[in-house]
Amino acid sequence: MAFSSSSESPIHVVILPFMAKGHTIPLLHLTHLFFLRRSNIAVTIFTTHANSQFIRQSLHDTKALIIELTFPQNFHPEIPQGVESVDKLPSQSLLVPFCKGTKNLQPEFDTILQSLRPNVSCLISDVFFPWSMEIAAKLNIPRLDFDGASNFAMVFYDILMTQEFPVDSDDELFSVIPSLPDIKLTKNDIEPEFSHPQPGEHTDFYTEVVMAMSKSKGIIRNSFYELEPEFVDYWNKEKSPKAWNIGPLCLLATKVVCSEEKPMCIQWLDEKLEKGESVLYVAFGSLAEMTMEQLREIAIGLENSGEHFLWVLRLPEPSTGDEFMSEFEERVKGRGLLVKNQWVDQVAILSHESVNGFMSHCGWNSVLESICESVPLLGFPITADQNLNARMVEEYFKIGVKVVTRNGSVRGFFSSKCIENKVKELMDIEGEKGKEMRKNVNKLNEKARNAMVEGGSSWRTLNLLIDEVICNKN
Ligand code: UDP
C-alpha cells in the first residue's frame, strides 16, 4: 500500500468484527468514516469466507483490505458444518459455544497480523473475541473493544450484576443509584444468566470477555454524548477502560438512490405515500427467535389495529408454509405487506416518508436508526439488552412506547390486544402522546446529526481516539 499523498506516517487499523450483522454493520460504517477522516489510513478487515460477501459489498467503494480466515469445522456437535454466523445457528442458545469456537481462528489471525504492512497501529476487536488480546499485547499495539451496546445498557448490566437490591421477586421495580436518572429497573431487565450467574460455560466466557476488556485501551461505543450524557459520564468516571462515543455510525449508511433498482418493499411504500397512507414498519433484527404462537399474536394485533404495516419477519424454517400466516396475509392484502426471510435495507425503509412508526425488538442499532430517521418506536424486546433499550425508549428518551406482558412480568408473552392498543397509540400522529414522541425523536435526531458533523461531540471524540490511542501520540 502506498501513501504518497501524505507526509505523515501511515496509520494501519485492523478490524475484527463479530459474525453477527448487528455487530458487523457499525464497524463497516466506521471503516467508511476512517477513510473520510484521514487520508493516510489503511484499514484491514478480518472475516471468514461465508461472511465476506456482505463485507465486500458494503466496502466496495473503499480501499479496505479484506482477509478471509478459515472458519473452524466440527468444533461443537450442535453447530452444523458451514455455519459461520450467529443468524445461521440452529438456536441462539448456541451463542456462547459459537463464540468459544472462534478461538480456533487465533493461530491464523496472529500469523497474518504479524505479517501485515504497514505495521499495524491498532486492533479494533469485537468484545466476543477475548483471545485477540494476546496478539495485541505481544505486538505491543493498542486493542480497542467494540461491544455494540449503549452506555446505559453497559452501566445497568454492571450495576445489576455487582450490587445487591433487596427485592422479593425478579419483577419488582427498584431505583438503581441516586447519581443516575431515576429509571426503575427489575432484575429481569437483564438475562437470568447475568442476574443469577451460575458456574459454567456462560460465566467462564463472559469472565474472559471482561478480563480482556480490562486490558484494552478503550471501548468504542456506537452512541453520542448528548443522547445519554449521565451514563457516559458515569462509565468514564466509575469504570474502565474509557468509552469513546463516536456515533451514531448509521448516519454513514448509504441510501438507495437509483429508482430502477428499488426493492419491492420500497415500491410498496412509494404507493402508500402516494395515497397518503401512513405505515408502521415491523421488524425484529437479524437474530430474534420467536415462537409461532407469538408471531400469530403479533399478526392478530396488527390486523385488529387497522394500521398499514410492512412486516419483515424471520419465520422458523418448518413454518414457512404456515396456514394461519397465509390466511392472515390474504386478509390484510393491500394494507399489510409481509417480507419473509429476506434481508432488507432497514435504513432505507425507516427513511421512507410513509413510515411513521417502528415496532422493533429494540436492538441498539435499530433504536439508533429510528432516531436518525425521526421514527418513534414501539418496543417489543426479546433478549439481550433489548429490555433495557425498550425501557429507555419509553422512559428516558420518551420517543416511544413498549408492549407489556399478560402477567406484568418483564419477560413473557405479549397478547394481541396489547399489541393492537400499543400500535394504535404509536400511530396516533395527531394525539397528544403521538405528537410528544415525534417532537422528542426529532430533537434527538438533530442532536445525533450535530454530534457527527465537524466540531460535534462524536467528531471530536473520533479525532482524539485516532490521535491519542490509534497513533499513540501521547
Ligand atoms: N438489518 C437490515 N436488514 C434486515 C435485518 C437487519 O438492514 O433485514 C440491520 C438493521 O438495520 C441493523 C442490524 O441489521 O443495523 C440489526 O442490528 P440490531 O442491533 O437492531 O439487532 P440484532 O440483529 O443485533 O438483534
Side-chain angles (χ1 to χ4, degrees), residues 17-33 51 53-55 57-58 85-89 91-95 98-99 126-128 146-154 191 220-223 227 247-256 263-266 268-269 281-290 310-315 337-352 355 358-373 375 377-390 392-393 397 399-400 402 448:
F18 185 60
M19 297 85 174
K21 296 289 194 304
H23 288 235
T24 301
I25 292 171
L27 289 177
L28 299 179
H29 294 326
L30 178 59
T31 304
H32 279 105
L33 192 54
N51 292 291
Q53 198 196 358
F54 184 81
I55 293 180
Q57 265 169 7
S58 168
S85 59
V86 181
D87 56 313
K88 301 275 188 320
L89 286 173
S91 157
Q92 291 304 303
S93 62
L94 292 164
L95 175 67
F98 178 88
C99 290
D126 196 284
V127 279
F128 283 165
F146 178 72
D147 68 14
S150 62
N151 293 274
F152 68 75
M154 297 323 287
E191 299 294 298
I220 293 181
R221 288 258 161 82
N222 186 13
S223 187
L227 182 65
L249 293 164
C250 59
L251 284 177
L252 274 290
T254 41
K255 302 265 162 68
V256 183
M264 190 267 289
C265 62
I266 300 286
W268 188 82
L269 290 175
Y281 170 49
V282 185
F284 305 101
S286 61
L287 306 173
E289 276 175 345
M290 248 188 262
L310 166 60
W311 184 6
V312 176
L313 74 166
R314 280 164 55 91
L315 280 169
L337 179 68
L338 271 66
V339 177
K340 288 173 245 163
N341 298 334
Q342 270 179 47
W343 185 258
V344 296
D345 184 343
Q346 176 160 300
V347 172
I349 291 173
L350 285 169
S351 69
H352 199 279
V355 173
F358 181 14
M359 178 167 163
S360 165
H361 70 315
C362 286
W364 186 236
N365 293 293
S366 292
V367 173
L368 287 174
E369 287 161 6
S370 221
I371 289 173
C372 290
E373 299 304 337
V375 178
L377 288 139
L378 166 53
F380 191 109
I382 298 164
T383 182
D385 56 351
Q386 296 153 21
N387 279 299
L388 289 171
N389 296 347
M392 296 298 268
V393 157
F397 302 138
I399 57 167
K402 69 177 169 63

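Counting convention: from 1, in listed order, for ligands and their atoms alike. No experiment lies behind these values; they were computed from the predicted model shown.
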| remark: When rounded to the nearest 0.5 Å, the distance separating CG of L287 from NE2 of H23 is 7.5 Å
| task | With rounding to the nearest 0.5 Å, note down the distance linking SG in C362 to CD in Q386. | result | 7.5 Å
| query | For the atom pair CZ (F18) and CZ (F128), what is the distance rounded to the nearest 0.5 Å? | reply | 5.5 Å
| request: Non-hydrogen atoms closer than 4.0 Å to ligand 1: which protein residues do they belong to? List them by chain and number, please. | output: G22, I25, G285, S286, L287, Q342, W343, V344, Q346, H361, G363, W364, N365, S366, E369
| task | Indicate whether the side chain of S366 and that of Q346 have a donor and an acceptor atom separated by less than 3.5 Å. | result | yes
| message | Do K21 and F54 form a cation-pi contact, if we require the NZ or CZ to be under 6.0 Å from the six-membered ring centre and within 45 degrees of the ring's axis? | response | yes
| message | Ignoring hydrogens, what is the shortest heavy-atom contact between M154 and R221? Give both atom names and the distance. | response | CG-NH2, 3.2 Å
